[in-house]
Amino acid sequence: MFRLIGFLVMFTATAGGYVVFDYKMSARWSGREDAEGLTFTEYLSGLSGRLAGLGGSAAAAGLPARLGDMLPKPPEGWTVRPTEAADVEGFLPKSTRNADSRAVEAVTKVGQTDGGSGTEVAALTYERGDRKVVIKAIRYPNVIFTSFAAMQQRMELRMRTAEFRGTEFMTVRGLDVTEDLLPEGFRGRYFIADVGAQIHLRVLAPKRMTDADLVPFFQTLHVKALNAGVIDKVEGLGEVPVIVLASALEEAEREAYIADVAAREAEAAEAAARDAEQQQQAEAAGEPQARQTGGGLLGGLFGGGDEAAAPEEPAPGAKTSCSTGQDGVKRCRVESSD
């Protein structure tokens with residue numbers, strides 16, 4: 001009896017300590033240095049979504065849960081090891097004195113493996129002779145995608161796109177991969193992708209590697225597991241065993257492919273616009289609300305956690321605008337009339 005009581009006391013103290021710590025961290029991720037602006041009810045609603053997300057991933061039989069296990073296996077003839085900061089130096093210009101500072105920062109960040117509190121980072125360097133390919137994945141905390149307090153962070157993650165000149169590169173089992181063409185002088189190719197806006201992929205490869213050379217790296221990317229590891233899952237992502245390489249398509253096929261990718265980008269932009277509209281409504285009402293996932297804490301624990309609240313239509317204050325560039329690529333963004 002005394003052992004049982006001691007165990008219960010220890011468990012309660014440990015669980016309570018975790019909740020206090022996680023509550024503080026959630027406040028930080030919601031953009032507040034203290035927890036005064038984050039109500040405990042809101043926190044519990046976000047916690048239910050996180051528990052539901054973890055349960056959904058664990059229930060996916062046979063899928064890896066660790067981010068590093070979802071990254072590609074080394075192609076034949078290549079070796080793989082954890083990434084070091086120096087691995088990206090060969091992709092930078094020989095002299096960075098007059099180089100584009102944003103591009104230098106983007107390339108340098110691929111070699112950084114410290115993601116900060118609550119963020120999981122996995123980075124691998126593939127080597128063959130003097131060639132290196134660096135692949136990095138970042139998974140942001142679930143609270144950003146379950147708590148209304150983190151609406152701004154969620155919207156920013158959803159709206160991350162190519163920083164320089166994006167062009168469609170490949171679709172891997174439903175996952176669109178964009179090549180962001182680095183400015184003149186850089187010695188590498190830079191690729192980006194994201195899954196549910198929560199897991200972001202970054203790839204660096206030598207300029208001399210062709211599109212076909214890079215296909216084997218993406219063939220074993222575990223897209224299905226990546227999709228299972230996020231809160232906002234995309235139905236069917238990773239299920240279809242098809243890889244589409246844009247440069248291998250005929251002109252008519254490529255035009256259809258570009259239109260298809262643009263439609264998905266517009267859909268993602270509209271989702272971000274809905275988030276912005278919800279944030280505006282909450283701020284106008286002066287009452288922070290939590291993004292409900294399965295009806296509160298008990299709902300997250302005992303079922304219904306994967307069903308998010310139905311989004312509302314964008315208000316006039318937040319709208320999506322799209323434009324087609326000279327390269328034929330349609331790009332969309334969220335605009336606000338405020």
Side-chain angles (χ1 to χ4, degrees), residues 29 31 83-117 119-125 132-140 144 150 152-170 175-209 211 214 217 246 258 261-262 265-266 268-269 272-273 276 320-336:
W29 274 110
T83 296
E84 300 173 356
D87 291 338
V88 303
E89 292 178 359
F91 302 105
L92 295 169
K94 292 182 179 180
S95 174
T96 58
R97 180 177 301 176
N98 298 318
D100 186 303
S101 59
R102 291 187 305 131
V104 170
E105 181 182 11
V107 171
T108 303
K109 279 185 176 180
V110 179
Q112 298 172 353
T113 56
D114 181 11
S117 301
T119 302
E120 182 183 1
V121 177
L124 296 176
T125 297
K132 287 185 177 71
V133 174
V134 181
I135 301 180
K136 178 180 181 179
I138 309 168
R139 176 160 48 195
Y140 291 92
I144 295 178
Q152 182 66 30
Q153 285 76 13
R154 180 162 69 252
M155 184 174 66
E156 289 174 359
L157 289 173
R158 281 181 170 174
M159 295 307 296
R160 283 189 184 177
T161 56
E163 294 185 65
F164 313 107
R165 187 159 63 91
T167 182
E168 290 78 5
F169 172 66
M170 176 189 292
L175 176 64
D176 295 323
V177 180
T178 299
E179 179 171 8
D180 199 358
L181 301 175
L182 294 170
E184 190 69 27
F186 283 78
R187 295 176 289 170
R189 303 179 67 182
Y190 181 53
F191 305 89
I192 63 174
D194 76 86
V195 181
Q198 186 173 359
I199 296 179
H200 288 246
L201 296 170
R202 299 292 182 263
V203 179
L204 284 172
K207 268 192 172 182
R208 59 182 174 174
M209 290 186 71
D211 293 359
L214 292 167
F217 289 93
I258 290 175
V261 172
E265 290 177 349
T320 304
S321 64
C322 300
S323 61
T324 302
Q326 295 181 351
D327 54 359
V329 179
K330 186 176 181 181
R331 298 178 176 84
C332 300
R333 63 174 180 166
V334 174
E335 296 179 339
S336 175

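All values below come from the heavy atoms of this structure, side chains included, with hydrogens, waters and symmetry mates left out. What you see is a predicted model, and the numbers here were worked out from it, not measured in a lab.
Among residues two or more places apart in sequence or in another chain, the ring pair (Phe, Tyr, Trp, His ring centres under 6.0 Å) test is passed with Phe217 by Trp78, Tyr126. Taking Arg187 as the reference, nothing meets the side chain to side chain donor-acceptor pair (under 3.5 Å) condition, with sequence neighbours excluded. In this structure, the salt bridge (charged side-chain N to carboxylate O under 4.0 Å, His left out) partners of Arg208, at least two apart in sequence or on a different chain, are Asp130. In this view, Glu120 and Arg139 satisfy the salt bridge (charged side-chain N to carboxylate O under 4.0 Å, His left out) rule, not counting sequence neighbours. For Lys207, there are no salt bridge (charged side-chain N to carboxylate O under 4.0 Å, His left out) partners at least two apart in sequence or on another chain. Here Arg189 pairs with Glu179, Asp211 under the salt bridge (charged side-chain N to carboxylate O under 4.0 Å, His left out) rule; sequence neighbours left out. With sequence neighbours excluded, the residues that form a side chain to side chain donor-acceptor pair (under 3.5 Å) with Asp176 are Thr171, Arg264.
Here the side chains of Glu163 and Ile192 are not in contact, with every heavy-atom distance at 4.5 Å or above. Between Val203 and Val177 the shortest side-chain heavy-atom distance does not fall below 4.5 Å.
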request  = Could you please spell out the steps behind the side chain to side chain contact (heavy atoms under 4.5 Å, CB included) verdict for Lys136 and Val121?
outcome  = CA-CA 7 Å; Lys136 178 180 181 179; Val121 177; 3.7 Å; yes
ask   = Can you list the steps and then say if Met170 with Leu214 is a side chain to side chain contact (heavy atoms under 4.5 Å, CB included)?
value = CA-CA 10 Å; Met170 176 189 292; Leu214 292 167; 5.6 Å; no
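Taking both residues in full, the closest heavy atoms of Asp180 and Arg165 are given as OD1-N, 3.1 Å, listed atom of the first, atom of the second, then distance. Taking each heavy atom of Gly166 and Thr178 in turn, the nearest pair found is CA-CG2, 3.9 Å. Annotation for Pro183 and Asp100: closest pair CG-CB, 3.8 Å, computed over non-hydrogen atoms. The two residues Ala197 and Leu157 come nearest to each other via the heavy atoms O-CB, 3.6 Å.
Of the inter-residue distances, the one linking Phe164 atom CZ with Leu181 atom CG reads 10.5 Å to the nearest 0.5 angstrom. Taking OG1 of Thr119 as the start and CD of Gln198 as the end, the distance is 10.0 Å to the nearest 0.5 Å. Atoms CZ and CZ, on Arg158 and Arg154 in that order, are 6.0 Å from each other to the nearest 0.5 Å. To the nearest 0.5 Å, atom CD1 of residue Ile138 and atom CG of residue Leu201 are 9.0 Å apart.
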Result block: side-chain N/O donor-acceptor pairs under 3.5 angstrom for residues 86-98, not counting sequence neighbours:
from, atom 1, to, atom 2, distance (Å)
Asp87, OD1, Arg81, NH2, 2.8
Asp87, OD2, Arg81, NH1, 3.0
Asp87, OD2, Arg81, NH2, 3.4
Asp87, OD2, Glu84, N, 2.8
Asp87, OD2, Thr125, OG1, 2.8

List the atom pairs, donor and acceptor, that lie under 3.5 Å between side-chain atoms in residues 107-114 and the rest of the protein, sequence neighbours left out.
from, atom 1, to, atom 2, distance (Å)
Thr108, OG1, Val104, O, 2.7
Lys109, NZ, Glu105, OE2, 3.4
Asp114, OD1, Gly116, N, 3.3

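In this structure, Phe191 and Phe169 have tilted ring planes: the angle between them lies in the 30° to 60° band.
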